[in-house]
Novice: 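Would you mind keeping the following structure in view while I ask a few things?
The chains referred to below are lettered A, B, ... by the order of the sequence lines, with proteins before strands, and numbering in each begins at 1. Everything numeric here is computed off the predicted structure, so don't read it as measured data.
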Amino acid sequence: MNCPLRAPGTLLPATAITRHAVLLTTAALVLVPFAWMVSLSLKPPGEIFRASFSFWPERFNGVENYTAALTKAPLLQYMLNGVLVCGISPAGPGLCPGGLRSREA
Amino acid sequence: MLIVVPGTILLGLFIALLIESAKSLRGLYRAIHFLPFMATMTAMAMAWEALLHPTVGLVNQVLATFGLLGANWLRDEATVMPTLAVIGIWQNLGYAMVLFLAGLKAIPQDLYDAADIDGADMWLDRLRTVTLPALGPATMFVFIVVSLRAFETFDTVQVLTQGGPGHSSEMLLFTLYREGFQYLRTGYGAAVAVVFLVIVVVLTLIQARVIDQRVHYQ
């Protein structure tokens, strides 16, 4: 029997294809901003503000962009700051009395 | 925001049900849909700004290829809030989906078996009689959390609109920040903070009351 809302993966082929089609569409829509960001990160300034659209740049500017991103700011210091925050913040709830205790249902 | 909450809940539920309905590629779909929630919103707001640019943005270019007239999404009073709402849905969708997935996993198989015996043969019957009622607690939780997250929208407003055009996209937290720290009207800013706190407390109280009394079946 076909049970779309139960755990086992026993869909009819048509249902399975529809499922993949819908999920791929939503996944693509969700990923558009990420893809666009990556695309912009590879382009020289002139191509970003061009009216025609292409995902891949005509002149590959990725090396320059990423070198600038990694060297223009003290990135290591920032990362160290991030590590500090990450190391401290999980300890916070643990130190509060009852902070990590789960609620009784 | 009135659009974000129902939009997030419905879409999140829909995607969670679809993902859970079969095994293939389940992990991939889960990861992709959860990605926006993991991403830094300030950085993603920059990507959205590029997407929504009135002349070179992808959104308007795609609309133009279909012969539709785009809009100046973030600079038009009529479109700025819906646009921010779509970004909000995009961001919170994955979170709602994960919570619904957890809720779906927690539904005992016996309920489906019982429904089967009682004649719920179509998937719609099962959805209506078992899945949705059993997801009540999860839905309530998603509702509260997403409402709070919608109220505390700050990054998108700060990066994309600065509360403009006019005051059409001012949000509570953005007003707090601007009044308190940029205009240095500390009293006003503090009052906004208190209002915000009251909203958070009220929503949490509703959650405590309703979740514990109304939506549980055990």
Side-chain angles (χ1 to χ4, degrees), chain A residues 1-57 65 69 73 78-79 81-82 85-86 102-105, chain B residues 11 14-15 17-26 28-29 31-36 39 43-53 55-62 64-65 87 90-91 93-94 97 104-105 107 109 112-113 116 121-124 126-127 130-131 137 208 211-212 216 218:
Chain A
M1 193 174 62
N2 171 34
C3 308
L5 295 174
R6 266 193 239 174
T10 50
L11 293 183
L12 291 174
T15 326
I17 290 170
T18 319
R19 167 180 177 269
H20 280 299
V22 174
L23 282 176
L24 280 176
T25 316
T26 55
L29 287 176
V30 162
L31 286 181
V32 163
F34 294 97
W36 192 246
M37 191 166 60
V38 173
S39 162
L40 287 185
S41 80
L42 302 174
K43 287 179 180 175
E47 266 185 70
I48 290 176
F49 294 104
R50 189 180 290 174
S52 64
F53 164 71
S54 74
F55 178 78
W56 197 251
N65 287 346
Y78 294 164
M79 284 190 146
N81 291 348
V85 173
C86 285
S102 66
R103 277 188 64 189
E104 303 288 315
Chain B
L11 266 175
F14 176 66
I15 287 169
L17 286 172
L18 274 181
I19 288 180
E20 201 57 21
S21 64
K23 275 210 177 96
S24 64
L25 294 181
R26 197 187 272 177
L28 176 74
Y29 289 136
I32 291 178
H33 288 94
F34 195 60
L35 206 55
M44 292 323 291
M46 307 290 280
W48 274 104
E49 187 170 28
L51 276 176
L52 294 166
H53 190 282
T55 50
V56 303
L58 182 66
V59 175
N60 275 3
Q61 285 187 33
V62 169
T65 49
I87 299 178
W90 171 82
Q91 188 199 5
L93 179 66
M97 176 206 72
L104 282 173
K105 295 258 188 224
I107 301 176
Q109 184 64 33
Y112 288 109
D113 296 340
D116 225 4
D121 291 333
M122 292 294 293
W123 64 271
L124 195 64
R126 274 194 297 276
L127 180 70
V130 180
T131 312
I211 270 201
D212 286 348
H216 280 301
Q218 288 145 7

Novice: Show the nearest heavy-atom pair for residues B:Ala47 and A:Pro33, with the distance to one decimal.
Specialist: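 Between these two residues, the closest heavy atoms are CB-O, 3.7 Å.
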
Novice: Is the distance between the ring centroids of B:Trp90 and A:Phe34 under 6.0 Å?
Specialist: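 Centroid distance B:Trp90-A:Phe34: below 6.0 Å, so yes.
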
Novice: Would you call A:Leu23 and B:His33 a side-chain contact if the rule is heavy atoms closer than 4.5 Å?
Specialist: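 Yes, side chains in contact.
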
Novice: Using a cut-off of under 4.5 Å on heavy-atom pairs, state which of B:Val130, B:Leu35, B:Ile15, B:Ile107 scores highest against chain A.
Specialist: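 Answer, by heavy-atom pair count under 4.5 Å with chain A: B:Leu35.
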
Novice: Checking side-chain contact (heavy atoms from CB on, under 4.5 Å) for the pair A:Met37/B:Met44: CA distance, chi angles, key distance, verdict?
Specialist: CA-CA 8 Å; A:Met37 191 166 60; B:Met44 292 323 291; 3.7 Å; yes

Novice: Under 4.5 Å heavy-atom distance to chain A, tell me which part of B:Leu93 shows up: side chain, backbone, both or neither.
Specialist: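 Only the side chain of B:Leu93 comes within 4.5 Å of chain A.
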
Novice: Do you know the tightest heavy-atom contact between B:Pro36 and A:Val30?
Specialist: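 What the structure gives for the nearest pair is CG-CG1, 3.4 Å.
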
Novice: Report the distance from atom CG of B:Leu58 to atom CH2 of A:Trp36, rounding to the nearest 0.5 Å.
Specialist: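 Answer rounded to 0.5 Å: 4.5 Å.
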
Novice: Do you know which of B:Leu28, B:Asn60, B:Leu18 has the most heavy-atom pairs under 4.5 Å to chain A?
Specialist: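 Winner by heavy-atom pair count: B:Leu18.
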
Novice: Would you sort out whether A:Leu24 and B:Tyr29 count as a side-chain contact (heavy atoms from CB on, under 4.5 Å), showing the intermediate values?
Specialist: CA-CA 8 Å; A:Leu24 280 176; B:Tyr29 289 136; 3.5 Å; yes

Novice: Any sub-3.5 Å donor-acceptor pair from A:Arg19's side-chain atoms to B:Ile19's backbone N or O?
Specialist: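 A pair under 3.5 Å: yes.
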
